[in-house]
Amino acid sequence: MMQPRAEQITQLLQSWNQGDQGAAEKLVPLVYDELHRLAHRYMSDERPGHMLQTTALVNEAYLRLVDSEPANWEGRSHFFGICAQVMRHILVDWARSRQALKRGGDAPALDFQEALSAAKQSGTDLVAIDDALNALAVVDARKSQVVELRFFGGMSVKETAEVLKISPETVQRDWKLAKSWLRRELSGGHQPGD
């Protein structure tokens with residue numbers, strides 16, 4: 001049952017790549033539960049009473065995908081990786097706008113583990129993580145993608161390797177090095193010229 005569904009998703013993504021907007025509409029019922037699970041994972045990391053609800057996050061992500069330039073979908077894992085990225089951007093945009101409304105904003109630097117824990121309690125710290133992840137992307141785009149897919153997308157090492165077309169061992173190595181780099185970046189230990 002699972003294999004034909006994955007193949008059907010891949011076929012619909014390929015049709016969508018070729019400009020068939022009807023394929024995007026047919027895709028929704030096949031991917032909705034997984035998108036909802038992904039959004040629920042994100043929302044469970046947000047503070048209670050967050051203005052966005054899980055279903056609203058799924059809908060906003062889907063609208064952004066449909067309204068954007070057609071992506072060159074490489075398959076099911078790639079699609080869900082992009083969806084994770086879109087959801088992350090929606091929540092970061094929301095956190096940035098919320099942060100702009102607050103006075104101050106000079107929060108003390110956090111190390112990576114503190115930031116990950118804090119992100120589960122407050123959307124505000126998601127901004128610091130996003131900034132650090134964007135800085136990592138400048139230094140090493142692949143490591144940034146590994147963190148995005150593993151942490152934000154909730155993907156396994158194997159799924160991340162499939163999306164990025166690298167070995168699971170490379171994913172594990174990149175994950176370890178990226179966490180170290182981000183820990184230093186979030187703790188304020190990054191010096192110009194490093």
Side-chain angles (χ1 to χ4, degrees), residues 35 38-39 41-47 50 52 57 60-61 64-65 68-69 71-75 77-100 102 104-194:
L35 290 176
L38 185 62
R41 174 184 157 91
Y42 274 109
M43 296 309 296
S44 69
D45 290 345
E46 293 296 321
R47 67 172 180 26
H50 193 286
L52 274 177
L57 181 57
E60 179 64 23
R64 287 191 186 188
L65 286 170
S68 67
E69 291 294 318
N72 187 16
W73 304 116
E74 296 174 13
S77 295
H78 182 243
F79 173 76
F80 287 115
I82 297 295
C83 289
Q85 183 180 52
V86 169
M87 287 181 192
R88 176 183 136 225
H89 288 292
I90 291 166
L91 290 173
V92 168
D93 289 348
W94 185 88
R96 283 188 197 284
S97 67
R98 184 168 180 257
Q99 206 174 42
K102 291 182 174 183
D106 293 331
L110 300 173
D111 77 18
F112 187 62
Q113 294 303 328
E114 289 172 330
L116 295 181
S117 296
K120 294 178 191 259
Q121 299 165 5
S122 168
T124 303
D125 297 307
L126 189 59
V127 173
I129 294 170
D130 184 64
D131 288 344
L133 195 56
N134 288 334
L136 176 58
V138 171
V139 175
D140 191 321
R142 189 181 71 209
K143 285 180 181 62
S144 176
Q145 290 174 314
V146 166
V147 173
E148 185 168 52
L149 294 171
R150 298 269 296 129
F151 177 69
F152 290 100
M155 290 188 172
S156 68
V157 169
K158 182 179 176 184
E159 291 169 326
T160 302
E162 181 182 319
V163 169
L164 297 178
K165 296 181 179 2
I166 57 178
S167 72
E169 293 79 16
T170 300
V171 170
Q172 289 174 324
R173 187 172 43 254
D174 283 357
W175 175 242
K176 181 179 178 181
L177 292 170
K179 286 193 305 184
S180 176
W181 191 94
L182 288 168
R183 185 177 299 112
R184 186 181 64 156
E185 186 76 11
L186 289 167
S187 69
H190 182 71
Q191 301 297 321
D194 269 354

Going by heavy atoms in the side chains, are Phe79 and Leu65 under 4.5 Å from each other?
yes
List the steps and the verdict of side-chain contact (heavy atoms from CB on, under 4.5 Å) for Gln145 and Val163.
CA-CA 10 Å; Gln145 290 174 314; Val163 169; over 6 Å; no
Atom of Met155, atom of Gly81 and distance for their closest heavy-atom approach
CE-N, 3.4 Å
Which distance, rounded to the nearest 0.5 Å, do you find between the NZ of Lys165 and the NE2 of His78?
8.0 Å
Here the salt bridge (Lys or Arg N to Asp or Glu O under 4.0 Å) pairs for residues 132-144, sequence neighbours left out, are Asp140-Lys143, Arg142-Asp174, Lys143-Asp174
Report the residues that fulfil side-chain hydrogen bond (donor to acceptor under 3.5 Å, both in side chains) with Glu148, sequence neighbours left out, ordered by chain and then residue number.
Gln85, Arg88
Suppose we screen for side-chain contact (heavy atoms from CB on, under 4.5 Å). Which residues come up paired with Glu162, at least two apart in sequence or across chains?
Ser77
Distance-minimising heavy-atom pair for Ala161 and Ser167
CB-C, 3.9 Å
Residues at least two apart in sequence or cross-chain that pass side-chain contact (heavy atoms from CB on, under 4.5 Å) with Ala135, listed by chain then number, are Trp181, Glu185
Indicate yes or no: at least one non-hydrogen side-chain atom of Arg150 is less than 4.5 angstrom from one of Val157.
yes
Report the residues that fulfil side-chain contact (heavy atoms from CB on, under 4.5 Å) with Arg173, sequence neighbours left out, ordered by chain and then residue number.
Thr170, Leu177
Enter the distance from Ile82:CD1 to Leu149:CG here, rounded to the nearest 0.5 Å.
8.0 Å
If you measure from CG on Asp130 to NE2 on His89, what distance do you get to the nearest 0.5 Å?
6.5 Å
Closest approach of Leu186 to Ala132 (non-hydrogen atoms, all atoms of both residues)
CD2-CB, 3.8 Å
